[in-house]
J.: 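One structure, pasted below without further comment.
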Amino acid sequence: MRNPQLNAHGELNHLLTIEGLPREVLTRILDTATPFTEVAEREVKKVPLLRGKSVFNLFFENSTRTRTTFEIAAKRLSADVINLNINTSSATKGESLLDTVDNLAAMQADMFVVRHASSGAPHLIAQHLAATGREHIHVVNAGDGRHAHPTQGLLDMYTIRHYKQDFSNLTVAIVGDVLHSRVARSQIHALTTLGVPEVRVVAPKTLLPTGIERLGVRVFHDIGAGLRGADVVMTLRLQNERMQGALLPSTQEYFKSYGLTPERLARAKSDAIVMHPGPMNRGVEIDSAVADGSQAVILPQVTFGIAVRMAVMAMLGGA
Ligand code: CP
């Protein structure tokens with residue numbers, strides 16, 4: 001069966017998840033992003049690739065980085081950007097997700113960028129558009145529940161390739177709340193697809209999904225062992241909004257056992273980079289000395305996110 005994100009020619013029609021995307025598609029997105037990093041250096045920070053297209057940002061869940069960088073990316077591609085304010089939209093009066101989508105589609109939308117607390121919401125929209133003969137409207141998943149955050153995974157891969165050049169001899173450690181993290185799932189699928197030989201997850205048992213090894217990762221419960229010799233350390237926030245029940249004694253206890261401190265980071269390679277998708281909780285999953293230290297590439301991740309999102313939207317728009 002054809003991947004529902006790809007059209008009959010193997011080109012990207014929607015971006016819903018990294019899982020199942022061929023390595024060539026991921027590499028093409030990263031390669032396409034490279035020249036877009038230079039658009040920001042120009043006096044006029046725009047290219048006309050999506051001129052006349054309408055991009056609707058539908059964020060049913062809060063966001064700082066993703067929503068803003070999608071807006072900047074679409075504007076740099078010369079698209080018209082419409083940010084639906086969910087709190088003042090008719091969703092608050094009980095309008096269903098698909099009715100909202102139908103109404104926005106009737107306004108000649110070309111692309112929906114969707115963040116939703118429910119896993120599968122962007123898939124549902126893409127299926128609905130296909131079933132109603134509107135598959136020409138592209139859907140980009142900007143984070144759905146604990147399922148996937150594909151553009152975050154891609155900008156993370158762009159960042160790794162920028163600093164490490166090549167994926168084929170890296171050890172990458174993902175530290176933190178993997179259980180509730182859509183970012184971790186997208187990172188794992190991207191890293192294994194791009195050929196990273198050693199992907200580790202480092203967390204207490206209560207913050208790891210059962211059977212995570214089947215995704216091709218090594219599991220560590222001891223952070224010292226998990227960080228030893230790592231080239232890349234990717235930290236994750238405790239996703240309290242998705243936790244049910246007490247999975248940890250306290251955030252202080254968590255920091256004591258799993259917080260990324262300079263002493264723990266010293267177990268990784270001396271040129272290891274430290275990444276975080278944001279938002280960061282200093283003193284919970286990461287010490288400020290690391291977050292603001294010389295190995296952190298957390299803010300460059302945000303900047304690269306614009307170019308990567310430009311690449312995704314340009315490819316979807318056929319540019
Ligand atoms: N990384 C990320 O998704 O951040 P936001 O929630 O601010 O978009």
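Atoms within each ligand, like the ligands themselves, are counted from 1 in listed order. For clarity, every value in this text was computed on a predicted model and none was experimentally measured.
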J.: Which atoms from ligand 1 have a heavy atom of G278 less than 4.0 Å away?
T.: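 Per the distance check, 1 (N), 2 (C), 4 (O).
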J.: Give a yes or no on whether a salt bridge exists between E198 and R200, defined as a side-chain N under 4.0 angstrom from a carboxylate O.
T.: yes
J.: Looking at ligand 1, would G143 count as a contact under a 4.0 Å heavy-atom criterion?
T.: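 It does not, in that no heavy atom of G143 comes within the 4.0 Å cut-off of ligand 1.
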J.: Quick one: do D31 and R161 make a salt bridge, cutoff under 4.0 Å?
T.: yes
J.: Could you check if a side-chain atom of F70 sits within less than 4.5 angstrom of a side-chain atom of V81, using non-hydrogen atoms only?
T.: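 No, side chains not in contact.
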J.: Could you verify whether a donor N or O on one side chain and an acceptor N or O on the other, from H149 and R115, lie under 3.5 Å apart?
T.: yes
J.: Which residue holds the protein heavy atom closest to atom 4 (O) of ligand 1, what is that atom called, and what is the gap in Å?
T.: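 Its nearest protein heavy-atom neighbour is R65 NE, 3.1 Å.
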J.: For ligand 1, which atoms, with element, lie under 4.0 Å from some heavy atom of T64?
T.: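 Taking each heavy atom of T64 in turn, ligand 1 has 5 (P), 7 (O), 8 (O) under 4.0 Å.
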J.: If hydrogens are left out, which of P277, G305, A142, S63 has an atom nearest to atom 5 (P) of ligand 1, that is, the closest non-hydrogen atom?
T.: S63
J.: Among all protein heavy atoms, pick out the one at the shortest distance from atom 2 (C) of ligand 1; state its residue, atom name and that distance to 0.1 Å.
T.: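 Protein heavy atom with the smallest distance to atom 2 (C) of ligand 1: T66 OG1, 3.5 Å.
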J.: Considering both backbone and side-chain atoms of H149, is one of its nitrogen or oxygen atoms within less than 3.5 Å of a nitrogen or oxygen in ligand 1?
T.: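 Looking only at distances, the answer is yes, because the N/O contact criterion of under 3.5 Å is met.
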J.: Hey, is ligand 1 close enough to P279 that some N/O pair sits below 3.5 Å?
T.: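 No, no N or O pair falls under 3.5 Å.
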J.: Could you tell me whether R51 and D80 make a salt bridge, using a distance below 4.0 angstrom between a side-chain N and a carboxylate O?
T.: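 Between D80 and R51 there is no salt bridge, as every charged N stays at least 4.0 Å from the carboxylate O atoms.
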J.: Please table the atom pairs, donor to acceptor, closer than 3.5 Å between any side-chain atom in residues 39-49 and protein atoms at least two apart or in another chain.
T.:
{"unit_1": "K46", "atom_1": "NZ", "unit_2": "K75", "atom_2": "O", "d": "2.8"}

J.: At a 4.0 Å cut-off, with the gap strictly under it, does some heavy atom of R115 reach an atom of ligand 1?
T.: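 Contact present.
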J.: Could you check whether R282 pairs with D292 (Lys NZ or Arg NE/NH1/NH2 to Asp/Glu carboxylate O, under 4.0 Å)?
T.: yes
